[in-house]
Structure formats: C-alpha cells, structure tokens
Amino acid sequence: MTDTKTSPDFGKRFLEGQVALVTGASRGIGRAIAISLAARGASVACIATSAANAESTAEACRALGVKAVAYGVDVSDTAAAAANVKSVMDDLGGLNILVNNAGITKDQILMRMSEDDFDSVINVNLKGTWNFVKAATRPLMKCAGRIINISSVVGVTGNAGQVNYAASKAGVLGLTRSVAKELAGRKVTCNAIAPGFIETDMTAAIDEVAAAKLTDSIPLGRIGSAEEIAATVDFLVGPAGAYITGQTILVDGGLSL
Ligand code: NAD
C-alpha cells in the first residue's frame, strides 16, 4: 500500500499554469521532453534551428490541451537567445522551466579534429546553454523556476573521438553546479541530466557494429529511449524535485559504472 506521507500524489498535470522553454525540440530527446511537459499541463516554447522544424512538436503539445509555439533560434547566438526569451514571455505569459537540450556532435580523433569542429560543438552545446540560462535568469528568479541542462555520460567519463563533445558536456556540468549555487538564494534549482546511449537521429549515425558493441557494454543490456529522459525531466521540474539542485542524474542503464 502507498504511504501517502512519503509518496505524495501530485496529480498528472502538476505543471498546469507553468511555461516551459525547450531547446532542440524538433526531434529526439527534446521533442519527447516538450510533449511530456505538455502532458503535465505546461505551455511549451519549442525551439529548434528553424520554427518549421519545431512546428510538429508544438502541434503535438497543443493536441494535449496546452499552448505551444515553435521558434527558430540558433542557440549559440547570444542576442537571439535573449530576444527569444522575451518573445516567449510575451507569447506564453511567463517562464518557469528552462530545458537546455539542443546539442550537436562533430566526432573525430583529436589529431584530425579541426578548430571549426571544436568551436562549433562548444558554441552550440556549452555557450548555447549559457546563453539561455543568462537570458532566462531574471524571469526564473521571479517564480522560483527550474533549469535542466542536458549533458551526456561522456561529459563524466570522456570518450575517444569526442574531445570537443565531451569537453562541452563536462562544461555543462560545471555550469550547472555554479548556477545552482548562484541562484539557490532565489529558490531557482539547476540540475543536469547525463543520458547514456539513447535511440534518436543523433545515435542513428553510429554504424551497426559499433552500436551493437556499445549496447553490449550497457549493464541493463539495451539502448535507452527519449521518453526515459523526458520522465527524468518531469521528476526534476515537478514537486518531487523541489529539494534537488546542482546534481547530475545519469540516465544511462549503468553505462558509466
Ligand atoms: P538530435 O540530433 O536528434 O536533436 C538535436 C536537436 O537540437 C534538434 O532539435 C536540432 O534542431 C537542435 N539543434 C542543433 N543545433 C542547434 C542550434 N544551433 N540551435 C538550436 N537548435 C539546435 O539529438 P538528440 O539525440 O535528441 O540529443 C538531444 C540532446 O541530448 C543533445 O544535447 C545531446 O548531446 C544529448 N545526448 C544525446 C544522447 C543520445 O544518445 N542520443 C546521449 C547523451 C546526450
């Protein structure tokens, strides 16, 4: 039997009246996060490189009975991120939850990695996160908001062939802990999720043999789903996550063990 003292029932739509901004929402993990937040009752701003790409996610959110708007923003553009946060506030009436999910890979062994491939991965994954955290801080401080940054297991473990990506994702973890400390006084929480090997377009690029080898190395014996990352976001931004800040939750089937 459920002990109601230790397992409160917050209801299914515990985010009703809140506004969430999700970057990289056109597909994969970001799309699953946006739809899951909408299912909890949040209005959702769906950000991708083009509004047309994010529109089908916004449409799926609206089908769940919430407001949702698609925006095209390059997250690495500081001014565009600031302007976008203002538009979201105007269009959806506030901002309570920020999910920095947009990310790219440009894998190559260090000896062959170009400066451009290093810079662009850092600019999207790390600076893009900083851009949106900075732009959203003021509104989030007004409502004890929540920030979730999507890092990666390789930000914790490192990975050959991903010096740029691993550095960007490790940077996101340092940023998360520092923002958590800076904003705790204003009751804003900031946490990171570090996914392992998740089935999306990003990992579809990995060749079959390498993917099978990687799956074999996962203690739980399978690749994860975008919905499993979205469920972790729901937990952290909902009432159950209120006392958690500055943490990294590895959702990786045990890959990092
Ligand atoms: P994906 O490639 O399927 O989707 C990436 C999203 O980011 C898209 O919506 C794309 O439009 C958006 N995006 C890319 N560059 C952008 C930019 N400059 N401005 C705005 N939007 C931009 O990726 P995914 O697998 O869904 O990954 C989502 C996040 O999770 C990424 O940060 C990724 O690093 C991280 N992650 C993924 C895995 C995995 O196994 N798939 C594992 C660990 C971490």
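Just follow the structure's listing: the first ligand is 1, and inside any ligand the first atom is 1.
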Requested in this report: Report the nearest protein non-hydrogen atom to atom 20 (C) of ligand 1: residue, atom name, distance rounded to 0.1 Å.
Outcome: Val73 O, 3.1 Å
Query raised in the report: Nearest to atom 43 (C) of ligand 1, what protein heavy atom do you find, and at what distance?
Result: Pro195 O, 3.3 Å
Report summary line: One finds that the ligand 1 atoms under 4.0 Å from a non-hydrogen atom of Gly28 are 26 (O)
**Report entry** Under-4.0 Å heavy-atom contact with ligand 1, by part of Asn125 that carries it
**Finding:** neither
Report summary line: Under 4.0 Å from one or more heavy atoms of Lys169, ligand 1 contributes atoms 31 (C), 32 (O), 33 (C), 34 (O)
Query - Beyond-backbone contact of Trp130 with Thr78, side-chain heavy atoms, under 4.5 angstrom - result: yes
Report summary line: If we number the atoms of ligand 1 from 1 as shown, the ones under 4.0 Å from a heavy atom of Ser26 are 8 (C), 9 (O), 11 (O)
Query raised in the report: Do Asp107 and Gln162 pass the side-chain hydrogen bond (donor to acceptor under 3.5 Å, both in side chains) test, and can you show the C-alpha distance, the side-chain angles, and the key distance before you say yes or no?
Result: CA-CA 5 Å; Asp107 299 350; Gln162 290 196 307; 3.2 Å; yes
Query - Sub-3.5 Å N/O-N/O distance, Ile104 and ligand 1 - result: no
**Report entry** Numbering as shown, the atoms of ligand 1 that approach Thr203 to under 4.0 Å (heavy-atom distance)
**Finding:** 39 (C), 40 (O), 41 (N)
Query raised in the report: How about Glu55: does its CD atom have over 12 heavy atoms from other parts shown lying under 6.0 Å from it?
Result: yes
Query - Arg27 N/O under 3.5 Å from ligand 1 N/O - result: yes
Query - Distance-only donor-acceptor check, side chains Asp252 and Ser256, under 3.5 Å - result: yes
**Report entry** Heavy-atom side-chain contact between Val188 and Ile147 under 4.5 Å
**Finding:** yes
Query raised in the report: Do the side-chain N and O atoms of Arg27 and Ser56 include a donor-acceptor pair separated by under 3.5 angstrom?
Result: no
Query raised in the report: Which residue and non-hydrogen atom of the protein lie closest to atom 12 (C) of ligand 1, and at what distance in Å?
Result: Gly24 CA, 3.5 Å
Report task. Determine whether the side chain, the backbone, both or neither of Asp74 has a heavy atom under 4.0 Å from any heavy atom of ligand 1. Result -> both
Query raised in the report: Taking side chain as C-beta onward, heavy atoms only, is Val44 less than 4.5 Å from Val69?
Result: no
Requested in this report: Would you mind listing which atoms of ligand 1 come within a distance below 4.0 Å of any non-hydrogen atom of Phe197?
Outcome: 40 (O)
Requested in this report: Using the salt bridge (Lys or Arg N to Asp or Glu O under 4.0 Å) rule, take Arg222 and Glu228 through it: C-alpha gap first, then chi angles, then the decisive distance, then the call.
Outcome: CA-CA 12 Å; Arg222 67 172 176 85; Glu228 287 172 312; 2.7 Å; yes
Query - Donor-acceptor side-chain pairing of Ser76 and Asp74 below 3.5 angstrom - result: yes
Query raised in the report: What residue and heavy atom of the protein are closest to atom 42 (C) of ligand 1, and at what distance?
Result: Gly196 O, 2.9 Å
**Report entry** Protein heavy atom at shortest distance from atom 25 (O) of ligand 1
**Finding:** Thr200 OG1, 2.5 Å
Query raised in the report: In the protein, what heavy atom is nearest to atom 16 (C) of ligand 1, and what distance, to one decimal place, separates them?
Result: Thr49 CG2, 3.5 Å
Query raised in the report: Going by the order shown, which atoms of ligand 1 are within less than 4.0 Å of some heavy atom of Gly103?
Result: 5 (C), 7 (O), 14 (C), 31 (C), 32 (O)
**Report entry** Options Asn101, Val75, Ile150, ranked by nearest heavy atom to atom 31 (C) of ligand 1, top entry
**Finding:** Asn101
Query - Per atom 37 (C) of ligand 1, closest listed option by heavy atom (Ile29, Ile198, Leu255) - result: Ile29
Query raised in the report: Going by heavy atoms, is Val124 under 4.0 Å from ligand 1?
Result: yes
**Report entry** Derivation of the side-chain hydrogen bond (donor to acceptor under 3.5 Å, both in side chains) call for Asn125 and Ser168
**Finding:** CA-CA 6 Å; Asn125 299 2; Ser168 73; 3.1 Å; yes
Query - Those atoms of ligand 1 less than 4.0 Å from some heavy atom in Ala25 - result: 9 (O)
Query - Contact partition for Ser151 relative to ligand 1, non-hydrogen atoms under 4.0 Å - result: backbone
Query raised in the report: According to a 4.5 Å side-chain heavy-atom criterion applied to Ile, Leu, Val, Met, Phe, Trp and Tyr, with indirect links allowed, do Val85 and Val22 form part of one hydrophobic cluster?
Result: no
Report summary line: min-distance protein heavy atom vs atom 13 (N) of ligand 1 -> Ala102 CB, 3.9 Å
**Report entry** Least distance between heavy atoms, Gly238 atom then Phe14 atom
**Finding:** CA-CE1, 3.5 Å
Query raised in the report: Backbone, side chain, both or neither: what part of Ser76 comes under 4.0 angstrom of ligand 1, heavy atoms only?
Result: neither
Report task. May I ask you to identify the nearest protein heavy atom to atom 34 (O) of ligand 1, giving residue, atom name and distance to one decimal place in Å? Result -> Tyr165 OH, 2.5 Å
Query raised in the report: Looking at Lys12, Arg13, Arg40, which hits salt bridge (charged side-chain N to carboxylate O under 4.0 Å, His left out) with Asp234?
Result: Arg40
Query raised in the report: Pick from Asn101, Thr57, Thr200: which one makes a side-chain hydrogen bond (donor to acceptor under 3.5 Å, both in side chains) with Arg31?
Result: Thr57
**Report entry** Contact partition for Arg31 relative to ligand 1, non-hydrogen atoms under 4.0 Å
**Finding:** neither
Query raised in the report: With a cut-off of 6.0 Å (strictly less than), are more than 12 heavy atoms of other residues, nucleotides or ligands near CD of Glu16?
Result: yes
